[in-house]
Amino acid sequence: MVPLRAAFFDRPTERVARDLLGRIIETGTGATRCRARIVETEAYLGEHDLACHAAVGRTARTEVLYGRPGLAYVYLIYGMYWCANAVTRREGLPSAVLIRAAEPVEGVDLMWKRRRAARRLVDLTSGPGRLCQALGITGPEHHGKSWNQPGLRILEGRPAARGSIVVTPRIGISEAADWPMRFFVRDNPFVSAQAETRKFLRTR
DNA sequence: TAAAGGATTTTCT
DNA sequence: GAAAATCCTTTAC
């Protein structure tokens, strides 16, 4: 399978977020290779977007967001979990897509080992922290690296059909004006079980 | 099923 | 010192 190239990520962030649905995220090589089909993403648009880490400007933490399209922005959340993003748009424009959920397609045994708390299959990769744990993505190992290299890749796969994609408005899940746009595959069981998503699915 | 609280560390006020 | 692009467990209805 073919990895996505930098040009894929050098486009408006919302476009990249939508187009990543159905693509294959891959970690490891040989016996440790794991693959999963991306089913949920979020768009963080830039300094003007209060939901985006780059809203605070250029700091040590946000430096990678200003980097080349196609880099991995990996950060620690709540002191415990890693979250993985793909940097979008040209160098100097700080924006990224958070990969929130995926559907395991290869290396599932290893995912079960890494996700000790998981009881059901959907617990493996339904959420940004869970996904990183299942795939073995960490800041020390992967932050600032390219998504197009052995051991850390996003492959072309087959993009999700347009009719199967749901896009939430920035205002629509919660009242917060700084809520990000969320993109996901309709009715996919791996779409994050986060309360706001469930609420949105019920009321639409 | 839902709501609440704890874990744990970095970042910024 | 508080909040954070989260997850897990416990407790309550």
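Chain letters run A, B, ... following the sequence lines, proteins first and then strands; every chain starts at 1.
- As a whole-Å value, the separation of A:His143 NE2 from C:dA5 C1' is 15 Å.
- Within residues 47-59 of chain A, the residues that place at least one heavy atom under 4.0 Å from DNA chain B are, in residue-number order, A:Val56, A:Thr59.
- A:Arg120 has its CZ atom 10 Å from the P atom of C:dC8, to the nearest Å.
- Regarding contacts with the backbone of C:dC8, every side-chain N or O of A:Arg119 stays at 4.0 angstrom or more from both OP1 and OP2.
- Contact annotation: A:Arg100 side-chain N/O to C:dT6 OP1/OP2 distance is under 4.0 Å.
- Here the P atom of nucleotide C:dT6 and the CG atom of A:Asn85 are 11 Å apart, to the nearest Å.
- In this structure, A:Met181 places its CE atom 18 Å from P of C:dA5, rounding to the nearest Å.
- For the side chain to side chain donor-acceptor pair (under 3.5 Å) with A:Ser95, the lone residue among A:Arg89, A:His48, A:Glu47 that qualifies is A:Arg89.
- Neither A:Ile77 nor A:Trp82 shares a network with the other; the hydrophobic side chains, linked directly or stepwise wherever heavy atoms of I, L, V, M, F, W or Y lie under 4.5 Å apart, form separate groups for each.
- Across the protein-nucleic acid pair, A:Leu98 atom CG and C:dA4 atom C1' stand 13 Å apart, rounded to whole Å.
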**OP:** Give the C-alpha distance, both sets of side-chain angles, the deciding distance and a yes or no for side chain to side chain contact (heavy atoms under 4.5 Å, CB included) between A:Tyr66 and A:Val87.
**Re:** CA-CA 8 Å; A:Tyr66 290 80; A:Val87 171; over 6 Å; no
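- As a whole-Å value, the separation of A:Gln133 CD from C:dT6 C1' is 11 Å.
- For A:Tyr78 and C:dA3, a side-chain-to-base donor-acceptor distance below 3.5 Å is absent, hydrogens and geometry of angles not being considered.
- Where DNA chain C pairs in unbroken runs of 3 or more (Watson-Crick or G-U, both distances under 3.5 Å), the stems are B:1-7 with C:6-12, B:9-12 with C:1-4.
- A 6.0 Å sphere centred on CZ of A:Arg15 holds no more than 12 heavy atoms belonging to other residues, nucleotides or ligands.
- Among the protein residues, A:Arg115 comes within range of the sugar-phosphate backbone only, with heavy atoms under 4.0 Å from sugar or phosphate atoms but none that close to a base.
- A salt bridge does not link A:Glu156 to A:Arg23: none of the charged side-chain nitrogens sits closer than 4.0 Å to a carboxylate oxygen.
- Rounded to whole angstrom, the span from the CG atom of A:Leu65 across to the P atom of C:dA5 amounts to 12 Å.
- Under a cut-off of 6.0 angstrom, the local environment of CZ in A:Arg90 is sparse, with at most 12 non-hydrogen atoms contributed by other residues, nucleotides or ligands.
- Environment of CZ in A:Arg68: sparse, with no more than 12 heavy atoms of neighbouring residues, nucleotides or ligands closer than 6.0 Å.
- With hydrophobic clusters built from ILVMFWY side chains whose heavy atoms lie under 4.5 angstrom apart, A:Phe183 shares a cluster with A:Phe8.
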**OP:** Check the pair A:Thr13 / A:Asp49 against side chain to side chain contact (heavy atoms under 4.5 Å, CB included), numbers first and verdict last.
**Re:** CA-CA 12 Å; A:Thr13 307; A:Asp49 179 0; over 6 Å; no
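- A:Gly129 comes within contact range of the sugar-phosphate backbone alone, with a heavy-atom separation under 4.0 Å but no base atom that close.
- Per the geometry, CG belonging to A:Leu76 stands 8 Å off P belonging to B:dT9, to the nearest Å.
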